[in-house]
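Worksheet: one structure, shown below.
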Amino acid sequence: MREIGAGVQISPNATRILRRLGLEQPLRRFGVRPRAVVIHRWADGHVIVRQPLAGACERDFGAPYYHFHRAELLDVLSAAVPEGVLHLDHRCVGLIQHGDRVEVQFHNGATADADVVVGADGIHSTVREATLGPESPRFSGHVAYRGLVPAARIADLGIELVASSWWGPNHHFVHYFVGAGARYLNWVAITPGEWRIESWTARGEVADALKEFEGWHPQVRAIIGSVDATNRWALYDRDPLPRWTVGRVTLMGDAAHAMLPYMAQGAVQAIEDAAVLAKCLEQADAHDADAALRRYEQTRKPRASRCQEGSRRNGVMYHLADGEDQRNRDANLASATTAPLPQNGAWLYGHDVEAEFEQG
Ligand SMILES: Cc1cc2nc3c(=O)[nH]c(=O)nc-3n(C[C@H](O)[C@H](O)[C@H](O)COP(=O)(O)OP(=O)(O)OC[C@H]3O[C@@H](n4cnc5c(N)ncnc54)[C@H](O)[C@@H]3O)c2cc1C
């Protein structure tokens, strides 16, 4: 339960679920509500499109859009879990399916018996490997540099409380405020690269990040240059898995559908998974738990796969070189009437996975 990365954007399709869990008050306290999403051109800062978020998301999709500091979101979620349910320092190292139960083995010698096991253990999931075998992710050719700046340090830049994205050839740059009271500016800079370590904690050099953004708008360079240190994360891509469930074991979140971060949906889709799985299990007995897991997978896999594929496509769209395709892209976005962006409209933010499930 440690801080991993700094910022995370949580869109209405997940805040709606968290709100139903009774978390509205803490979400409001710790979340930053961006006024709009703003996409700029890389060199001159020209605004390609600006679409409202605060107010518009509540009106059109019935729930807010939030930016969180990850440590604060983790605190909100873990505080909502009943005491004695979380057991830390138990790394799963193996599983044995016994027909009517699953035995889970941990690195510290402990074991546990369960009706079902859900592998929510991230990109390098041990549960996935134990059930589906090893997989070989595809290196995307992209590296993410990440930074967190105290808001006071960059106050002179006059940065608006919005979700900002800057698109340019082979690169893009994202920044938004996080932390209760918008205390920090979180940024992510995506560059081409051959560095291949997928880690939340590996260090990167600020000078290297700045070099990648040579010729970019002074605001982008000022934000990158304002940090003392940056983290670096090699981005791997995964195709949708053929299945998530084997017997009484299933997968959730990145373990099931790791995606490039170009729709800001990885954590959001994990929250949707959890909501649907809870509904499936609510209606199941211990003896038919495997059927409940299959129903969960059938409900969730098409939508999560669509986000995996959409994130991959966005990686191409964001990084177009200046030219005709880029001009067409910008013109299409500028004329978009569906908020907040055409590719994230009602099908994504407006969709209520719990209501869909209940309607069968
Ligand atoms: C640069 C970047 C920006 C992103 N921005 C966004 C965003 O704005 N919005 C969004 O929705 N998503 C975003 N994502 C994606 C998001 O971070 C992930 O999709 C999300 O963290 C996945 O959650 P998870 O719980 O499935 O996995 P993780 O967050 O990886 O958590 C897995 C947990 O399992 C534990 N674990 C691992 N192995 C074991 C084991 N063997 N036994 C027991 N426990 C284990 C880990 O310690 C960890 O606590 C971004 C990703 C990146 C790289």
Side-chain angles (χ1 to χ4, degrees), residues 1-15 17-18 31-32 34 37 65-71 73-74 77-78 86-95 104-108 110 112 117-131 137 140 142-148 163 165 172-176 178 186-191 197-202 204 230-238 244 250-274 277 300 304 307-308 311 314-315 344 348-349:
M1 297 293 293
R2 58 174 198 268
E3 173 193 337
I4 43 163
V8 66
Q9 312 195 46
I10 302 291
S11 53
N13 40 324
T15 56
I17 293 167
L18 298 176
V32 174
V37 56
Y65 195 105
Y66 280 122
H67 294 157
F68 291 102
H69 192 294
R70 284 177 188 244
L73 181 59
L74 276 180
L77 298 177
S78 55
L86 277 175
H87 298 268
L88 300 181
D89 200 21
H90 280 60
R91 185 161 43 82
C92 171
V93 289
L95 300 164
V104 189
Q105 299 159 334
F106 298 100
H107 79 293
N108 54 10
V117 170
V118 181
D121 51 348
I123 274 177
H124 303 291
S125 171
T126 302
V127 175
R128 182 182 59 217
E129 182 152 348
T131 47
S140 65
H142 299 170
V143 172
Y145 287 87
R146 298 168 22 252
L148 190 68
S165 214
H172 76 276
F173 184 75
V174 175
H175 61 83
Y176 52 87
V178 298
N186 174 74
W187 59 260
V188 182
I190 307 290
T191 74
I197 299 176
E198 207 176 19
S199 150
W200 285 108
T201 50
T230 170
N231 290 89
R232 202 160 53 143
W233 170 280
L235 294 170
Y236 281 80
D237 197 3
R238 284 151 176 91
W244 299 357
T250 196
L251 302 171
M252 147 181 309
D254 277 7
H257 46 66
M259 57 189 78
L260 292 170
Y262 303 154
M263 284 174 77
Q265 282 294 306
V268 168
Q269 290 300 308
I271 292 168
E272 287 194 357
D273 289 344
L277 181 62
R300 288 296 304 146
C307 290
Q308 283 177 290
S311 300
N314 281 357
N344 297 351
L348 186 61
Y349 295 170

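Remember, it's 1-based here, ligands and their atoms both numbered in the order they're listed. FYI, side chains are in, hydrogens and waters are out, and symmetry mates aren't considered; it's all heavy atoms of this structure.
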> Which is it for Pro261 and ligand 1 at heavy atoms under 4.0 Å: side chain, backbone, both or neither?
Replying inline: side chain
>> Just to check, does Gln269 reach to within less than 4.0 Å of ligand 1 when the distance is taken from its heavy atoms?
In response: no
>> Which of the numbered atoms in ligand 1 are under 4.0 angstrom from any heavy atom belonging to His90?
In response: 42 (N), 43 (C)
>> Heavy atoms only, cut-off 4.0 Å: how does Trp233 contact ligand 1, side chain, backbone, both, or neither?
In response: side chain
> Short N/O distance, under 3.5 Å, between Asp254 and ligand 1?
Replying inline: yes
>> I'd like to check His172 versus Val174 (side-chain heavy atoms, cut-off strictly below 4.5 Å). Are they in contact?
In response: yes
> Under 3.5 Å between some N or O of ligand 1 and some N or O of Val268?
Replying inline: yes
>> What's the separation between atom CG in Asn13 and atom CD in Gln265, rounded to the nearest 0.5 Å?
In response: 5.0 Å
> Where on Asp121 is there a heavy atom closer than 4.0 Å to ligand 1, on the side chain, on the backbone, on both, or on neither?
Replying inline: both
> Counting only heavy atoms, which portion of Ser11 has something under 4.0 Å from ligand 1: side chain, backbone, both, or neither?
Replying inline: neither
>> Please check whether Ala267 reaches ligand 1 - meaning an N/O of the residue sits under 3.5 Å from an N/O of the ligand, judged on distance alone.
In response: yes
> Which of parallel (below 30°), tilted (30 to 60°) and perpendicular (above 60°) describes His142 and Tyr262?
Replying inline: tilted
> Partners of Arg128 by salt bridge (charged side-chain N to carboxylate O under 4.0 Å, His left out), sequence neighbours excluded?
Replying inline: Glu135
> When rounded to the nearest 0.5 angstrom, what is the spacing between CZ in Arg146 and CH2 in Trp187?
Replying inline: 9.5 Å
> Taking both backbone and side-chain atoms of Cys92, is any N or O found less than 3.5 Å from an N or O belonging to ligand 1?
Replying inline: yes
> Counting from 1, what ligand 1 atoms have a heavy atom of Gly253 closer than 4.0 Å?
Replying inline: 26 (O)
> Relative to the heavy atoms of Gln9, which atoms of ligand 1 are at a distance of less than 4.0 Å?
Replying inline: 7 (C), 8 (O), 9 (N), 10 (C), 11 (O)
> Does ligand 1 have any atom that is closer than 4.0 Å to a heavy atom of Arg70?
Replying inline: yes
>> So if I count the atoms of ligand 1 from 1 in the order they appear, which ones are less than 4.0 Å from some heavy atom of Thr126?
In response: 41 (N)
>> Taking distance alone, with N or O pairs closer than 3.5 Å, would you say Arg91 contacts ligand 1?
In response: no
> Ala264 heavy atoms, cut-off 4.0 Å: which ligand 1 atoms fall inside?
Replying inline: 7 (C), 8 (O), 9 (N), 10 (C), 11 (O)
> Side chain, backbone, both or neither: which part of Arg146 has a heavy atom under 4.0 Å from ligand 1?
Replying inline: side chain
